[in-house]
Amino acid sequence: MMDASKYAVGYYPPPGTHVKWVQKDHIEHAPQWCSVDLRDGNQSLVIPMSLEEKLEFYKLLLKVGFKEIEVGFPAASETEYEFLRTLIERDMIPQDVTVQVLAQCREHIIRKTFEACKGAPSAIIHIYNSVSVAQREQVFCKSKEEIKQIAIDGAKLVKKLAKEYEGNFRFEYSPESFTGTEPEYALEVCNAVLDVLEPSADNNVIINLPVTVEMSLPHVYASQIEYMCENLKYREHVTVSIHPHNDRGTGVADTELALLAGADRVEGTLFGNGERTGNVDVITLAMNMYSHGVDPKLDFSDMPSIVEVYEKCTRMKVHERSPYAGALVFAAFSGSHQDAIAKGMKWREEKELHQWTVPYIPIDPQDINRTYDADVIRVNSQSGKGGIGYLLEQTYGYVLPAKMREHLSYLCKSISDHEHRELKVSDVLEIFQTHYFNHTDPISLCDMRFLQKEENVQGEIVFSRDGVKTSVQTRGNGSLDAVSNALKKYTGTDYRLRVYTEHSMQGQSSGSTAAAYIGLEAPNGEMYWGAGTDTDIIRASAHALLSAYDNMVRQD
């Protein structure tokens, strides 16, 4: 039985009022990014990555554009240690990239970390110790002063070893469990560490303020960050970093509000892989900025390949609804959504717009190597005429009349409903061709000859049924009207030709140069549809007429 009374507020708002971030309505520029996929993300996997998998993932992170990459906890395992040594010894760290390593504020761990980093062209030594109330009281059983001294001793040791080891080192300190710590005390500890590390123009130091466990609403974290930014010593030489987790499902909101509050740097993972409910998802953060016109300084232009490498190396799956990257995030099954998207795409094309304004789709899927036909408009029993018509037009070049699109949509939805499956665009084409396209059984057209007589057209139409050819003399106010009159005379059937449209299909893979669509109204008022293609528009129109007639007599 659920009992909410056992839970109380476990976080500590900062003293005073710190809400300047509220006055900002968007993030103006990208933060410094640090990927922690190979450390935080890797340690959360059921089966951690092998050396080869870590190398493949590392190359992906370089390709995406990360300039700071936390490559591991080298004192934790042999694989972690060997991975870092491999990067250094094989000269796999580009000049503009800095690797980062994590170490607890414990002497033997820090010493082994420096051994692993020996010769690194550029490395961030990231030390931490937990400072929260719960950890102080329950885990370490130490006073505030004792906990602060652990941080100070760790800072003194890394400063000393950095002078003894070959390599180019920067320093980062995290008061772990920052969100469960009194902000005044977290500030006291961080400033004590800074006094040891002595930030300067040539010695930028990172203070990382992690959401080790989400405890508060995002705006509380933003106020905590603003308080720290306003009160840290040496602020002009300190990079304020954040490392949000996602226990409450608001990791992205925590991060975005913290950036508004003054944070400079973000540590996160691709697709939010991390302990418990995960780290903050860098892809969502970066693409959110992108959707507001801000260059995130990370390249996600080939999202499908990023997903592929991620799933291969981590054995995790990207959820179908994962923002921007999921298989269904651009998919529209709803008929009204499909219609709006199709009209929005057409509007953008007609107006030659650079700005993206298409309804229901926050970014252009093509920007991240997704396609409109496979990813945006999807066909099932909920789909509508607009989307189905758009798919045929964009993929195969068929521009159906509105009422014909509606008729086709009912056919597609019925098939999807009865077969309980999604229809591919190739399925839609097959349904279209089967029901409307170039029907030649039982009646086919063998030959047509026309002669213009003043305002009328006279002609001879040769039909074939069951192998028997019949020539019919005809006339009409145009070639199509003459063919229609001949068909009525030949079959003894009455109807009204209500809809006729045609267009060029040059350049389509079918090789046809013209397509025609016809809607016939039967004596009972029902509409029947047909389509035809041919290199000659009159013959294409005649094929469409015969197809519509065939559907009428079959009562399709």
Side-chain angles (χ1 to χ4, degrees), residues 32-45 48-49 51 54 57-58 61 66-88 93 97-118 120 122-132 135 139 150-151 153-159 161-162 165 167-179 189-190 193 197 205-213 239-245 265-270 273-276 278-280 282:
Q32 298 173 37
W33 298 106
C34 178
S35 162
V36 293
D37 291 88
L38 297 174
R39 198 278 302 170
D40 209 341
N42 185 55
Q43 75 182 33
S44 68
L45 298 174
M49 286 181 269
L51 177 62
K54 289 193 77 169
F57 206 107
Y58 172 75
L61 295 172
F66 284 98
K67 300 305 180 185
E68 295 179 1
I69 302 173
E70 190 167 83
V71 295
F73 196 140
S77 73
E78 195 62 31
T79 298
E80 299 283 280
Y81 188 95
E82 286 302 319
F83 175 61
L84 178 54
R85 293 311 308 161
T86 298
L87 296 181
I88 295 171
I93 305 172
V97 172
T98 299
V99 295
Q100 178 171 303
V101 290
L102 187 68
Q104 291 173 322
C105 287
R106 301 171 66 184
E107 183 174 353
H108 72 284
I109 290 177
I110 291 175
R111 289 188 178 279
K112 186 166 184 180
T113 299
F114 270 93
E115 283 291 330
C117 291
K118 188 186 302 181
S122 181
I124 296 170
I125 308 298
H126 180 188
I127 59 171
Y128 74 95
N129 68 307
S130 189
V131 299
S132 70
Q135 295 266 21
V139 180
I150 292 173
D153 291 343
K156 288 180 178 179
L157 183 58
V158 297
K159 186 177 180 180
L161 294 178
Y165 279 84
N168 180 24
F169 303 111
R170 287 179 64 200
F171 306 119
E172 175 176 351
Y173 172 71
S174 289
E176 190 197 1
S177 302
F178 168 76
T179 46
V189 174
C190 289
V193 169
L197 297 178
V205 174
I206 301 168
I207 292 294
N208 186 55
L209 304 171
V211 183
T212 307
V213 178
T239 294
V240 174
S241 176
I242 54 176
H243 180 114
H245 281 249
R265 180 178 184 265
V266 174
E267 296 186 348
T269 60
L270 301 183
N273 178 42
E275 295 171 302
R276 304 181 306 279
N279 289 47
V280 69
V282 168

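In this text, all values refer to a predicted model and were calculated from it rather than measured experimentally.
- The line from CD1 of Ile125 to CD1 of Ile110 is 9.5 Å long, rounded to the nearest 0.5 Å.
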Exercise for the section: In sequence, state the C-alpha distance, the side-chain angles, and the governing distance for Leu61 and Leu38, and then conclude on side-chain contact (heavy atoms from CB on, under 4.5 Å). Expected result: CA-CA 10 Å; Leu61 295 172; Leu38 297 174; 4.0 Å; yes
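- In this structure a side-chain-to-backbone donor-acceptor pair under 3.5 Å is missing from Asp40 to Gly274.
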Practice task
Step by step, work out the side chain to side chain donor-acceptor pair (under 3.5 Å) result for Tyr173 and Asn129.
Solution key: CA-CA 9 Å; Tyr173 172 71; Asn129 68 307; 2.6 Å; yes
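- Here the closest heavy-atom approach between residue Cys34 and residue Glu70 is recorded as SG-N, 4.0 Å.
- Looking at residues two or more places apart in sequence or on another chain, you find a salt bridge (charged side-chain N to carboxylate O under 4.0 Å, His left out) between Arg85 and Glu89.
- For the pair Tyr81 and Val101, the minimum side-chain heavy-atom distance is 4.5 Å or more.
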Exercise for the section: Walk me through it: do Val211 and Ile242 pass the test side-chain contact (heavy atoms from CB on, under 4.5 Å)? Expected result: CA-CA 7 Å; Val211 183; Ile242 54 176; over 6 Å; no
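- The two residues Glu115 and Tyr165 come nearest to each other via the heavy atoms OE2-OH, 2.7 Å.
- Under the 4.5 Å side-chain criterion, counting only non-hydrogen atoms from C-beta, Pro175 is in contact with Leu209.
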Exercise for the section: Any chance you could lay out the salt bridge (charged side-chain N to carboxylate O under 4.0 Å, His left out) test for Glu80 and Lys54, step after step, and finish with the verdict? Expected result: CA-CA 9 Å; Glu80 299 283 280; Lys54 289 193 77 169; 2.7 Å; yes
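- In this structure the side chain of Thr98 never reaches within 4.5 angstrom of the side chain of Asn168, judged on heavy atoms.
- The SG atom of Cys117 sits 10.0 Å away from atom CD of Gln100, with the distance rounded to the nearest 0.5 Å.
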Exercise for the section: Quick one: do Asn208 and Phe178 satisfy side-chain contact (heavy atoms from CB on, under 4.5 Å)? Show the steps, please. Expected result: CA-CA 9 Å; Asn208 186 55; Phe178 168 76; over 6 Å; no
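- Atom CD in Glu267 sits 7.5 Å away from atom CD1 in Ile206 (nearest 0.5 Å).
- Atom CD1 of Ile127 sits about 10.5 Å away from atom OG1 of Thr113, to the nearest 0.5 Å.
- Because its NZ or CZ atom is not both nearer than 6.0 Å to the ring centre of Phe171 and within 45° of the ring axis, Lys159 does not count as a cation-pi partner of that residue.
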Practice task
Take Phe57 and Asn42, measure what side-chain contact (heavy atoms from CB on, under 4.5 Å) needs, and give me the verdict at the end.
Solution key: CA-CA 10 Å; Phe57 206 107; Asn42 185 55; over 6 Å; no
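- The aromatic rings of Phe73 and Tyr128 lie perpendicular to each other, with more than 60° between the two planes, well past the 30° mark.
- Contact record, Ala120 with Ile88: CB-CD1, 3.9 Å, taken as the closest heavy-atom pair.
- Arg170 and Glu172 are not joined by a salt bridge, as no carboxylate oxygen comes within less than 4.0 angstrom of a charged side-chain nitrogen.
- Closest non-hydrogen pair, Phe66 versus Val97, comes out as O-CG2, 3.9 Å.
- Taking CG of Asp37 as the start and CD1 of Ile69 as the end, the distance is 9.0 Å to the nearest 0.5 Å.
- Rounding to the nearest 0.5 Å places SG of Cys105 at 8.5 Å from CG of Asp153.
- Within the 4.5 Å cutoff, side-chain heavy atoms of Ser44 are placed close to those of Asn273.
- Partners of Glu176 according to the side chain to side chain donor-acceptor pair (under 3.5 Å) rule, which considers only residues two or more places apart in sequence or in another chain, do not exist here.
- Of the options Val139, Val213, Val131, Thr212, a side chain to side chain contact (heavy atoms under 4.5 Å, CB included) to Ser177 is made by Thr212 and by none of the others.
- A heavy-atom distance below 4.5 Å is not found between the side chains of Thr79 and Met49.
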